[in-house]
2 protein chains.
Amino acid sequence: MVTGQGPVTITDVARLAGVSPGTASKALNGRRGISAGTALRVQQAAERLGYQPNALARGLLSGRSFTVGLITTDSFGRFSIPVVQGAEDALGPGRILVFLCESRDDRLREEHYLRALLERRVDGIIVTGRRQDRREPIGRDLRIPVVYAMAYSSDPADLSLVPDDEEGGALAIRHLLGTGRTTIGHVTGPRRFRAAVLRAAGAEQALTAAGLGLAGSRTLYGEWTEEWGRRGVDLLLRSAPGLDAIFCGNDQIARGAADRLREVGRRVPADVALVGFDNWDVIAAACRPPLTTVDMNLRQLGRAAGERLLAAVDGHPGSGLQLLPCSLVVRESSRPPESRSP
Amino acid sequence: MVTGQGPVTITDVARLAGVSPGTASKALNGRRGISAGTALRVQQAAERLGYQPNALARGLLSGRSFTVGLITTDSFGRFSIPVVQGAEDALGPGRILVFLCESRDDRLREEHYLRALLERRVDGIIVTGRRQDRREPIGRDLRIPVVYAMAYSSDPADLSLVPDDEEGGALAIRHLLGTGRTTIGHVTGPRRFRAAVLRAAGAEQALTAAGLGLAGSRTLYGEWTEEWGRRGVDLLLRSAPGLDAIFCGNDQIARGAADRLREVGRRVPADVALVGFDNWDVIAAACRPPLTTVDMNLRQLGRAAGERLLAAVDGHPGSGLQLLPCSLVVRESSRPPESRSP
DNA sequence: ATTGCTAAGGCAAAGGTTTTCGCAATGCGA
DNA sequence: TCGCATTGCGAAAACCTTTGCCTTAGCAAT
């Protein structure tokens with residue numbers, strides 16, 4: 001590597017190798033019609049000079065920039081992070097680079113970002129947001145593919161990827177039923193959250209399919225907080241004292257529930273089994289006992305979004321709202337009672 | 001906006017406005033030598049066609065791309081996120097776009113990313129990581145400015161921005177002393193973490209300055225977990241039963257401590273005051289009682305990193321390890337006893 | 001009327017890379 | 001020895017924008 005003036009160009013490499021720039025280009029890109037000796041000389045010259053091709057010039061010509069934009073409407077928190085990571089996984093380090101744009105729910109910012117991305121000729125855009133929110137399409141006639149992840153577009157012609165919350169709720173209930181629990185309550189977040197409603201629906205369906213109903217007879221909607229988890233336990237114990245399991249709408253509620261159950265002398269999982277939702281490690285692992293919980297596989301969702309975007313870039317677009325599976329992570333809080341008695 | 005073939009170029013705009021491309025460029029960029037009438041016609045033409053200048057072509061010519069790279073060595077978690085957000089704040093939406101690169105502590109990935117960033121002719125690079133880790137410079141003779149945030153470069157010629165952990169520790173202790181506490185213990189994370197050692201040093205200095213020493217006579221190093229917080233309380237109560245405050249190395253330890261103190265019948269803050277570190281909202285706010293804690297102002301740190309990078313791009317580089325102030329967020333867990341008795 | 005000045009806008013080059021086309025040389029068969 | 005195919009490489013155009021320089025026209029001053 002030589003520290004000359006300014007970045008070294010392919011012309012510099014060509015001169016050093018004693019060929020024309022066009023030939024150097026072919027040699028470096030492995031195109032045919034170049035003798036082995038010439039190719040080697042060019043590559044060595046490039047190596048010696050520390051040549052790095054100018055992606056701007058390359059993109060100008062090819063029309064592709066090998067970059068994508070990632071717009072997170074949420075000022076990105078716990079949910080968008082794994083999605084971003086997954087997208088990065090799919091887009092692969094080195095090949096495609098990701099522009100991170102945090103629009104913070106500000107429509108104006110979003111438009112600024114969109115314009116900036118289009119000016120930079122990104123190959124595609126991923127839009128992600130907090131919990132499953134329906135949202136307006138990011139723009140019209142964009143000429144480049146867009147994939148929505150977590151948040152989903154109100155236009156069914158757009159491709160949107162969201163976790164299957166309903167199935168996740170059913171997963172939790174079936175697991176509890178499978179470990180012998182029969183009197184199961186459900187404490188979750190605010191009703192205005194689609195995720196809360198979907199999870200509750202899945203849970204109730206799974207119970208109905210087993211010929212059972214919800215303990216306390218109805219879903220307790222409240223807040224996504226530990227505080228509400230504690231209060232939920234109190235409410236449930238009043239209306240259904242024989243309770244042997246609680247499915248909570250997220251991990252924070254579940255952790256509050258665990259604390260409260262311990263305080264009132266109910267053992268988890270011996271007396272009451274507990275299942276949360278989100279698999280938020282810092283909560284689920286720190287909970288006493290560690291929490292069984294539903295994982296939305298957000299990272300895989302992000303990865304899927306990246307893969308779908310690449311497919312769309314290559315001319316294979318998708319469309320519609322697609323549900324991705326949740327999975328259950330079993331920990332101590334739902335261990336069946338049998339296995340505890342020696 | 002017309003949906004023709006391919007993106008509309010300035011030539012299209014010029015043709016519609018009846019001028020040459022060069023003139024159109026000048027009109028759109030507000031350069032002098034263009035009559036008001038022509039400028040208006042060009043702008044209207046651009047508007048009608050939905051013209052978006054090609055940043056690749058512009059960057060090719062100007063040598064600046066108005067993009068920066070952000071390499072997070074940490075698979076980016078709680079610490080890098082606010083830094084990223086702050087950097088975004090500083091770089092401003094629309095003007096400068098950020099390439100997000102997650103190297104995951106993999107040197108090879110990092111090199112791939114670095115190469116990809118250089119090929120795309122980013123104007124600068126911010127390197128951030130998890131807790132304050134000393135690290136190798138990302139590369140040599142890079143020709144573009146680099147700013148390190150959180151993680152810091154082993155080369156003192158590089159500019160590195162890190163939170164002032166030592167001052168943060170002192171802040172916590174001085175606050176506790178100010179509310180009348182005198183017998184203060186310290187439970188923190190593993191000794192191999194520079195942050196743990198620095199915070200402990202700051203704490204001890206503040207105590208020494210007040211003519212006091214640490215309750216239990218030494219810092220308890222352990223893990224960054226709630227579990228360790230609970231055990232730390234047990235250890236402290238054994239060695240210093242008259243304890244009236246605990247400063248914890250992070251919020252998780254503090255939360256464990258709060259739980260344990262409640263379990264053994266010590267009231268927080270009436271009997272024992274508690275101060276954490278990190279101001280991690282999900283922990284600090286959910287703690288019972290809500291946690292007084294030291295905030296590293298990571299977002300401002302990220303913002304500072306962005307601003308310093310811009311300054312460096314503009315020819316005003318900095319260097320050395322620079323400490324940024326922490327601040328104290330006072331909540332219930334350290335309320336002075338006086339104010340509780342009516 | 002000629003000169004000189006300014007304003008407005010056109011022309012062309014530059015920036016780095018890729019690609020197409022064409023040219024020259026080589027080798028082979030006739 | 002000639003013709004032809006093949007191989008290797010160079011020249012130049014193209015991608016899009018910006019900018020310095022040049023031309024032209026209009027106008028004022030001499």
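By convention in this document, chain letters (A, B, ...) are assigned in the order of the sequence lines, proteins followed by strands, and residues within each chain are numbered from 1.
With a heavy-atom cut-off of 4.0 Å to chain B, the contacted part of DNA chain C has its first and last nucleotide at C/dA8 to C/dG16.
Judged purely by atom type and a 3.5 angstrom limit, A/Ser62 uses its side chain to pair as donor or acceptor with the backbone of A/Arg58. Using a distance-only test at 3.5 Å, with no hydrogens or angles considered, no donor-acceptor pair links the side chain of B/Asn297 to the main chain of B/Gln300.
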Item to check | Annotated protein contacts, base or backbone, on nucleotides 5-17 of chain D with a non-hydrogen cut-off under 4.0 Å, one of B, S, - each | outcome: ---BBB---BBBB
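Checking B/Gln322 against B/Arg308 by side-chain atom types alone, a donor-acceptor pair falls below 3.5 Å. For the residue pair A/Gln52 / B/Arg121, no side-chain donor-acceptor distance below 3.5 Å is found, with atom types taken as modelled.
The cationic group of A/Arg109 does not satisfy the cation-pi geometry with A/Tyr113, failing either the under 6.0 Å distance to the six-membered ring centre or the 45° limit from the ring axis.
Within the nucleic acid shown, B/Arg31 comes within 4.0 Å of sugar-phosphate atoms alone, with no base atom in reach, counting heavy atoms only.
Using a 4.0 Å cut-off between a side-chain N of Lys or Arg and a carboxylate O of Asp or Glu, B/Asp89 and A/Arg104 qualify as a salt bridge. Between B/Glu119 and B/Arg115 a salt bridge is recorded (basic side-chain N to carboxylate O distance below 4.0 Å).
Here the side chains of B/Asp106 and B/Ser103 are not in contact, with every heavy-atom distance at 4.5 Å or above.
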